[in-house]
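Heads up, the thing below is written out as structure tokens.
All figures in this text were calculated on a predicted structure; none of them were measured in a lab. First the proteins, then the strands, lettered A, B, ... as listed; each starts at 1.
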2 protein chains.
Amino acid sequence: MTPLVRAFVSHFGEMGSRWGINRTVGQIYALIYVSQRALNADEIGEALEFSRSNVSMGLKELQAWRLVQLRHLSGDRREYFEAPGNAWEVFRTLAEERRRREIEPTLSMLRSALMEEAGNEEDRHAQARMRDMHTLIEQLTNWFDDIQRLDSATLSKLMGMGATVHKLLDFTDKFKRDKR
Amino acid sequence: MTPLVRAFVSHFGEMGSRWGINRTVGQIYALIYVSQRALNADEIGEALEFSRSNVSMGLKELQAWRLVQLRHLSGDRREYFEAPGNAWEVFRTLAEERRRREIEPTLSMLRSALMEEAGNEEDRHAQARMRDMHTLIEQLTNWFDDIQRLDSATLSKLMGMGATVHKLLDFTDKFKRDKR
DNA sequence: ACGAAGTTTCAGGCATTTCTGAAAACTCAG
DNA sequence: CTGAGTTTTCAGAAATGCCTGAAACTTCGT
């Protein structure tokens, strides 16, 4: 590993631990991400100085997150791994997985708590707070879904506009009002 | 604690650990969040069965995240804590803090890696991948900043539109073209 | 200035998570 | 079916992170 790659990999290790992903997994991903060609488990283990079994577990987890793809090179029985190249795609995948693992369970917990009959003032207040949270999360995730459905051209146009969206919205408001 | 609150609190404990925030901190926040009135450290410790010092550390961390506010009740020397009520506000705060702690350091690491002179093919490729990542993160955070600057009325209008934004964009494209 | 009430710090014990090496299991060519 | 090459599993060692109680510190009323 060159010093450049080493710095990148080690930063991802640190960051990984802040994200509930462990250091090893973060480093493995980082290495695969910047690598020119697909890597096999031995190469990864050697570069990062992890045991073979640790690499195997890390790769399993990265596959579960769909952040890494298995490939077979012809004439080689070993498994090679590479990271999907399109950064947007990666972001999407990450968002989907986090949603599935974190958002959905939280929403379902909130829904079931909101179904309960609140027997006292305290519970009624708690439910009101939970309802706020539920509403916000649903709003955000629905919006995110909608956005995600846009093709990337439209999306980048939208993002390029940034805060000027509000002018557009004002404008259409006026337009609608004039028509009436 | 009622069973309703207990369920909520314990879910947040679990989720906390997936987010790099520890279980205790998650539970303390959850308890304060659903509580009707501000709580002091002893009340929290008693409800959750944590030691007094553990509560103190947890509260310190929550204050660092700006998720919890200190209040003094008149005629009581103890410190009381409450969670800001507006869910949007909370989301914003969370996003800002995560940005400061995770995104900014990553961007600055990437920038400095991109300044390096790449001596070989491998590093050149790594830099290209890092550039992709840098571009994506900047795009996303800039956009997020813009959005955040919108007042909540405009924001909810925008979110309400969801994917139909693209119609609006098509429309303005056409409009501009006609004017030319 | 003192003491009571309250909060924070921190070293060490405890618990959880991560990592390893050995062994088991799988895969495929011959 | 055999065995070489490869991956996975898993029990326990190592590392990390968490929690506690005791002590230090802070604040405030008298």
| field | Trace of the side-chain contact (heavy atoms from CB on, under 4.5 Å) decision for A/Phe8 with B/Met109 | value | CA-CA 8 Å; A/Phe8 181 78; B/Met109 179 275 289; 3.8 Å; yes
| field | Among C/dG6, D/dT6, D/dC10, the one nearest A/Met57 by side-chain distance | value | D/dC10
| remark: Among the nucleotides D/dT20, C/dT20, C/dT7, whichever has the atom closest to the side chain of B/Arg52 is C/dT7
| Residue B/Lys60, side-chain atoms from C-beta onward, closest of C/dT18, D/dT27, C/dT9 | C/dT9
| What is the distance, rounded to the nearest whole Å, between atom CD of B/Glu43 and atom P of C/dG6? | 11 Å
| field | A/Glu49 vs B/Asn40, nearer the 5' end of DNA chain C by closest nucleotide | value | B/Asn40
| Side chain of A/Glu79 - closest among D/dG21, D/dT8, D/dA4 | D/dT8
| task | Return the value, rounded to whole Å, for the distance between atom CG of A/Asp42 and atom C1' of D/dG5. | result | 10 Å
| task | Take the protein atom NE2 of A/His72 and the nucleotide atom P of D/dT6, then report the distance between them rounded to whole Å. | result | 11 Å
| Hey, which of these two, B/Arg77 or A/Ser51, hits DNA chain C nearer its 5' end, going by closest nucleotide? | B/Arg77
| request: Would you indicate which nucleotide in D/dT7, D/dC19, D/dG21 comes nearest to any side-chain atom of B/Asn54? | output: D/dC19
| task | Select one nucleotide: of D/dT20, C/dT7, D/dC18, the one nearest the side-chain heavy atoms of B/Ala41. | result | C/dT7
| task | Please check if any side-chain donor atom of A/Gln36 sits under 3.5 Å from a side-chain acceptor atom of B/Glu121, or the reverse. | result | yes
| Spacing of A/Phe50 atom CZ relative to D/dA14 atom C1', expressed in whole Å | 15 Å
| field | Side-chain N,O (A/Thr24) to OP1/OP2 (C/dC19) below 4.0 Å | value | yes
| field | Residue whose nearest DNA chain D nucleotide is more 5′ - A/Gln63 or A/Ser17 | value | A/Gln63
| task | Respond yes when some side-chain nitrogen or oxygen of A/Asn22 is under 4.0 Å from OP1 or OP2 of C/dC19, and no when none is. | result | yes
| Could you state the CG-P distance from A/Leu59 to D/dT7, rounded to the nearest angstrom? | 9 Å
| task | Classify the angle between the aromatic ring planes of A/Tyr29 and A/Tyr33 as parallel (below 30°), tilted (30 to 60°) or perpendicular (above 60°). | result | tilted
| said: So if I take every side-chain heavy atom of A/Ser56 and compare against D/dT20, C/dC28, D/dT8, which nucleotide ends up nearest? | reply: D/dT8
| query | In whole angstrom, what separates A/Leu73's CG from D/dG5's P? | reply | 19 Å
